[in-house]
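Start at 1 with the first residue, then count along the sequence. All values below were derived from every heavy atom in this structure, side-chain atoms included, with hydrogens, water molecules and symmetry-related copies excluded.
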Amino acid sequence: ACTGTGTCVVSMTQAQSVTAAFTLQTTGDQWYVSPTGSSSNIGTISSPWDIRYAFSGAGGRIGPGDTVWLRGGNYIGNGFMVTVDGASDSQPIIFRNYNNEHATLRDDSGNEIILYISGDYAWVWGLEVYPSAASSPSGSAAVILGGHHAKLINSVVHDSYNQCVTSQQIIGTEIYGNILNYCGRYMPPFPASQSYGYGVYTQNVIGTTERKYFTDNIIGFAWGSGIHAYGEAAGVDDLVIDGNAVYNTGLFWNDPDHIGWEANLMMGRSNNAGFRNELKNNVFYYSADLPSGGNYWGLPFGTGSRMENGVVTNNFLLSPRGLAFQYNTGSTGTVSGNVFAGTVSGYSGGSNTYYSGWPTGRSDDIIVRRNNYEAGRANIYVMNWDDSSTVSVNPNANGAVLNAGDSYVVKDSLNYYGPSVTTGTYNGGSITIPMTGLAVPPAALTGYRNSVNNPVVPLPAFNPGPRFGTF
């Protein structure tokens, strides 16, 4: 059966099947909140609630299948918690920005956790989340998925104190289509035990075979690993990491206790096995002028960390000055269709493509990932090997995104709320995207990314174009 939102495989005969994207159509009530709303209002567009009242269920008014629309503006406070529960993947409770309005959750009190989704089957969609006051980090995250089957969808989380998003010993969660930039920080004096912050930190519940999904996210310039799937007592099993772009993360630890942890991908269970994990259709990239980190299928420290019955297919693992991929001893499964640039350890052969340095003699690699939740939206990943000033992109290369006559806007993921990269009316075929002159946004906190907080090696603020871009 097809429930929820995503990819659905429908059996037709023993020899045939069809794969289709589908979007959940809820039949519940529609409610509204605004930054100036009140719990004494009735939750309509003209009489909206305040956000905390809605996140708590509005006194029982909000129920499974309902959608709560957040009007644009700044929701400022000492952390926010979604406590109301949906009923199932087909009857969630959805909190979503209204009509693409810019709705921001911002903490101004130094609270490290800005949004905690504790409700089961609760979805948060289309928000910006970031801090506006300094904090003493404790190892938590800006957004925590703490409810079973909770989802964070098409949101932008940036400049967090530690992790941008965490989903640990909770089952069935999904982190989909988000932009996660500048996660974490270095906290002097050097060395410091809290000099880290991952894009995504995840685990799973030992004993479950229920999958967790990490799909079509863009993660850039995290202090620690971009994707950090790590467990000691917790499980690292049944994780599906599909269609993400992760770049220039994990290079800024500067802590002797963490040598060898520099990575876009760090995945494994300490001294033990992770089972049935899938890594597919992703791009892991390091810019040429940075000391490249690595991508680890199994941890680079301790003994016995391995990945059994895993799938590693159709990825770009690009670390031309470092470790493109480490495949730990004892790991089993499929490794095929990947492009490796840099050193590969523990695996050779197979139907993969290997480069010792930057790929040469190949055309630009351009990936279009159609959004499964919003029609007309897609991620575009560009590997512009000849450093051209522009690239041509067919937005419908992997399924219909635009129709002739549609207006379109292209945004740089690193500067999502800044000026558009290009706009136009779609006339069919390809559109042109500039790869030079791409900007970097200012830090949310003054000096937060730079030498004020890191006297050893500043976190560089540069755009990875023209060689690489995520839109």
Side-chain angles (χ1 to χ4, degrees), residues 4-5 23-26 28-38 41 43-58 62 65-77 79-82 84 86 92-107 114-117 119 121-132 142-145 150-160 164-165 174-181 215-218 371-379 407-413 415-418 420 441 444 471:
T5 302
T23 301
L24 171 72
Q25 300 294 326
T26 60
D29 293 324
Q30 311 288 302
W31 307 100
Y32 296 84
V33 304
S34 81
T36 58
S38 170
N41 289 342
T44 63
I45 194 168
S46 60
S47 181
W49 290 321
D50 71 79
I51 193 169
R52 294 188 188 280
Y53 187 62
F55 277 170
S56 68
I62 299 172
D66 289 0
T67 298
V68 181
W69 296 101
L70 277 65
R71 300 303 307 269
N74 293 320
Y75 298 83
I76 301 173
F80 300 89
M81 179 176 286
V82 178
V84 66
I93 294 175
I94 300 173
F95 296 90
R96 182 179 178 186
N97 65 321
Y98 175 73
N99 197 29
N100 289 321
E101 292 179 359
H102 184 178
T104 298
L105 298 186
R106 201 175 80 208
D107 181 84
I114 302 171
L115 175 63
Y116 194 112
I117 308 172
Y121 301 101
W123 301 6
V124 174
W125 183 339
L127 306 185
E128 180 186 22
V129 181
Y130 74 96
S132 59
V143 180
I144 296 177
L145 275 66
K151 298 189 181 188
L152 182 70
I153 303 165
N154 293 348
S155 294
V156 179
V157 185
H158 60 93
D159 293 278
S160 60
C164 273
V165 183
E174 182 175 28
I175 299 171
Y176 184 95
N178 303 287
I179 297 171
L180 313 177
N181 289 329
T215 307
D216 290 357
N217 303 287
I218 301 173
N371 196 282
N372 286 332
Y373 286 83
E374 294 184 34
R377 178 172 179 148
N379 286 359
S407 298
Y408 65 84
V409 175
V410 178
K411 291 283 192 176
D412 182 356
S413 72
N415 198 22
Y416 184 78
Y417 293 111
S420 301
F471 305 96

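- In this structure, CG in Asn371 is found 10.5 Å from OG1 in Thr215, a value given to the nearest 0.5 Å.
- Between Tyr416 and Lys411, the shortest heavy-atom contact is O-CD, 3.3 Å.
- With values rounded to the nearest 0.5 angstrom, Ile114 atom CD1 is found 10.5 Å from Ile144 atom CD1.
- Between Ala103 and Asn97, the closest heavy-atom pair is CB-CB, 4.3 Å.
- A pairwise comparison of heavy atoms in Leu105 and Ile51 identifies CD2-CD1, 3.5 Å as the closest pair.
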Query raised in the report: Are Asp216 and Tyr176 close enough, and set up right, to give a side-chain hydrogen bond (donor to acceptor under 3.5 Å, both in side chains), and what steps lead you there?
Result: CA-CA 6 Å; Asp216 290 357; Tyr176 184 95; 3.2 Å; yes

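- With rounding to the nearest 0.5 Å, the separation of CH2 in Trp123 from OG1 in Thr67 is 9.0 Å.
- Rounding to the nearest 0.5 angstrom, the gap separating the CG atom in Asp107 from the CD1 atom in Ile76 is 9.5 Å.
- Residues Val68 and Ala54 come closest through the heavy atom pair CG1-CB, 4.1 Å.
- The residue from Trp49, Trp31, Phe95 that alone fulfils the ring-ring contact (aromatic ring centres under 6.0 Å, His included) condition with Phe55 is Phe95.
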Requested in this report: Just do the side-chain contact (heavy atoms from CB on, under 4.5 Å) check on Glu128 and His158 with the steps written out, would you?
Outcome: CA-CA 8 Å; Glu128 180 186 22; His158 60 93; 2.8 Å; yes

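- Within the 4.5 Å cutoff, the side chain of Asn100 has heavy atoms near those of the Glu374 side chain.
- Looking at Lys151, its side chain never comes within 3.5 Å of a backbone N or O of Leu145 through a donor-acceptor pair.
- Side-chain atoms of Glu101 and Trp69 include no donor-acceptor pair closer than 3.5 Å.
- Residues passing the side chain to side chain contact (heavy atoms under 4.5 Å, CB included) test with Ala122 are Val82, Ile117, sequence neighbours excluded.
- Listed here is the closest heavy atom pair of Asn181 and Cys164: O-SG, 4.2 Å.
- Thr104 contributes atom OG1, which lies 6.0 Å from atom OH of Tyr417 (distance to the nearest 0.5 angstrom).
- Residues Asp50 and Tyr75 have side chains not in contact (no heavy-atom distance under 4.5 Å, counting atoms from C-beta outward).
- For the residue pair Ser160 and Ala142, the shortest heavy atom distance occurs at CB-CB, 3.8 Å.
- How far CG of Asp29 is from CD1 of Ile93: 11.0 Å, rounded to the nearest 0.5 Å.
- A donor-acceptor distance shorter than 3.5 angstrom exists from the side chain of Asn178 to the backbone of Asn154, with no hydrogens or angles considered.
- In this structure, the side chain of Asp412 does not engage the main chain of Phe471 through any donor-acceptor pair within 3.5 Å.
- In this structure, the side chains of Asn74 and Pro35 stay at 4.5 Å or more apart for every pair of heavy atoms.
- Looking only at side-chain heavy atoms (C-beta outward), Arg71 and Ile45 come within less than 4.5 Å of each other.
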